[in-house]
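Everything below concerns the one structure shown next.
In the text below, chain A, chain B and the rest are named by the order of the sequence lines, each starting its count at 1.
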Protein chains: 2
Amino acid sequence: MRKIPKPTIRRLAIYYRCLERLEQQGEENISSKLLAQMVHIKDSQVRKDLSYFGSFGRRGIGYNIQKLLSEIRKILGIHKSWRVVIIGAGNIGQAIARFKHMEKHNFQVIGVFDTDKRKIGKQITNNLVVSDINSLESFIVHNQAEIAVIATPAEAAQSVAERLEKAGIRGIICFAPITLDCNIPVEYVDITVFFKTLVHSVVSQTHNV
Amino acid sequence: MRKIPKPTIRRLAIYYRCLERLEQQGEENISSKLLAQMVHIKDSQVRKDLSYFGSFGRRGIGYNIQKLLSEIRKILGIHKSWRVVIIGAGNIGQAIARFKHMEKHNFQVIGVFDTDKRKIGKQITNNLVVSDINSLESFIVHNQAEIAVIATPAEAAQSVAERLEKAGIRGIICFAPITLDCNIPVEYVDITVFFKTLVHSVVSQTHNV
DNA sequence: CCCCCTTAGTTCTATTTTTCACAAATTTAT
DNA sequence: ATAAATTTGTGAAAAATAGAACTAAGGGGG
């Protein structure tokens, strides 16, 4: 199989949320053209992205929404539920832990950890309490957590990542503003980077136009 | 001036956070090679990125950290402070409002808005209280807010975006899982998309290796 | 002073990603 | 039944991005 462009994967996740909406609206089929319009890209891009994985549409008709949802679930690996632990019970960590969309999208937050004695024991949701980070490894092994969220300060992130990897975690979402050294997949989400790139668009727009 | 690649801008923001750390550690200069290693890219990429904007280094020495920080600040437009309003006081909206790094990076959250009567009036931080969204436009105009964060449900996002644009907001960070129709710059941050792309890496890694 | 080592800036090349354009499949209208 | 209108899937072209290689500076040691 050909190599899949990274942007294609991200777009699949975006198509997915459009399809969910369309399904909810009771639509049955969608053309690449309409789907492309919904996300402001070219229709050829939509077709190419999907064609990396198979032929899911019918010429003259478009794509069956239910079927495409199911195919994308399999491609992305979200047809099963994933167990998530969160390290760091600050603003970001707590927000993710309480975030309704997580569970809805099959990401089950099963543990939240922190070093701060004042946070340990704090009730985050009905069935989530902040645990001591000392119990991190045993918890991961015992509950077979697969994904971890690093929401610690930058200073702590690298050593946490190493502990996570060693304990068997298979992928990391890193909110800490640092690039990690590790051998499992990492997605970086530095909130302030989005603000900074946005501001650049804002200022360069004014210059040019 | 040549056209600047979008990824270059994002990387500048990432170099910036490295440089901040190096500055704090008392370093004076940094080579493209070392900076590249910190973020796991090639050194030629670092030099190329910077060269779009000028010659900031000294051959044989590297880049002066203070100077480079200052140059990147100017390039990105973060040498001045930006006034931010947040629409939607749910988990994400509140987390951003309380997020320490915002103020530290010159993004000043000056207002939080919601439609929910139970949230309106709620104290978010020492000097932030959730306001009724009815007062959105007048607040923006009166306080000259420039950047807005949409942290509402997807259903509300488009109409909020239109109100923001009309009120004079110049850029939007959109956490709602939807693509907006509007004429000002938007950065999209769909948290669940990061989880989904991560999971794809995790499953495809196992398949191949 | 000269040689060697380091490193930025730049040009050229390679790779990746997007877009175009068209054949093939399917439905709808006449 | 045939023609017209849709719409996918894909190979080829174009555009964007990254990487390698080279040139020119700069510094330090003998």
Could you check how far CD of A:Q45 sits from P of D:dA16, rounded to whole Å? 13 Å
Set out, line by line, the N/O atom pairs under 3.5 Å between protein and nucleotides 28-30 of chain C.
none

Does D:dA15 have OP1 or OP2 sitting under 4.0 Å from an N or O in the side chain of B:K3? no
Modelled atom types, side-chain donor and acceptor of B:D190 and A:H101, under 3.5 Å: no
When you check the phosphate oxygens OP1 and OP2 of C:dG9, does a side-chain N or O of B:S55 lie under 4.0 Å from one of them? yes
Steps toward salt bridge (charged side-chain N to carboxylate O under 4.0 Å, His left out) verdict (A:K6, A:E187): CA-CA 12 Å; A:K6 190 102 199 265; A:E187 285 287 321; 3.5 Å; yes
Tell me whether the rings of A:F107 and B:F195 are parallel (<30°), tilted (30 to 60°) or perpendicular (>60°). tilted
A:I30 atom CD1 is separated from D:dT8 atom C1', nearest whole Å, by 14 Å
For the pair made of CD in A:E71 and P in D:dG9, what is the distance, rounded to whole Å? 11 Å
Is a donor from one side chain sitting under 3.5 angstrom from an acceptor on the other, for A:Y63 and A:R58? no
Between B:F175 and the options B:T152, B:N91, B:I96, the side-chain contact (heavy atoms from CB on, under 4.5 Å) test singles out B:I96
When every nucleotide of nucleotides 25-30 of chain D is labelled 5' to 3' by its protein contacts under 4.0 Å (heavy atoms), B for base, S for sugar-phosphate only, - for none, what sequence of letters results? BSS---
Which pairs pass ring pair (Phe, Tyr, Trp, His ring centres under 6.0 Å) with one or both residues in residues 134-166 of chain A, sequence neighbours excluded? A:F113-A:F139
Assign each of A:P7 and B:S44 the nucleotide of DNA chain C bearing its closest heavy atom; nearer the 5' end lies the nucleotide of B:S44
What is the distance, rounded to the nearest whole Å, between atom NZ of B:K33 and atom P of C:dA8? 10 Å
Between B:R11 and D:dT17, is there a side-chain N or O to OP1/OP2 distance below 4.0 Å? no
Tell me if a side-chain donor or acceptor on A:D114 pairs with a main-chain N or O of A:A89 at a distance below 3.5 Å. yes
Quick check: on DNA chain C, is the nucleotide nearest A:P5 upstream (toward 5') of the one nearest B:G57, or the reverse? Name the residue that is more 5'. B:G57
B:I124 and B:R98, any side-chain heavy atoms less than 4.5 Å apart: yes
Please determine if a side-chain N or O atom of B:S32 lies less than 4.0 Å away from the OP1 or OP2 oxygen of C:dA8. yes
If each of A:Y63 and B:I41 is mapped to the nucleotide of DNA chain D with the nearest heavy atom, which maps nearer the 5' terminus, i.e. the 5' end? A:Y63
To the nearest Å, how far apart are A:L50 CG and D:dT7 P? 16 Å
Check whether any side-chain N or O of B:T197 sits under 3.5 Å from a backbone N or O of B:V193 as a donor-acceptor pair, and report yes or no. yes
With a 3.5 Å cut-off and heavy atoms only, can you find an N or O donor on one side and an acceptor on the other between the side chain of B:K48 and the base of D:dG19? yes
Considering only D:dT7, D:dG9, C:dT10, which nucleotide approaches the side chain of A:S31 most closely? D:dT7
In whole Å, what is the span from the CG atom of A:L68 to the C1' atom of D:dT7? 14 Å
When rounded to whole Å, the NZ to P distance for the pair B:K42 and C:dA14 reads 16 Å
Protein-nucleotide distance (A:N29, atom CG; D:dT8, atom P), rounded to Å: 10 Å
Using a 6.0 Å cut-off, check whether atom CD of B:Q25 has over 12 heavy atoms from anything other than its own residue. yes
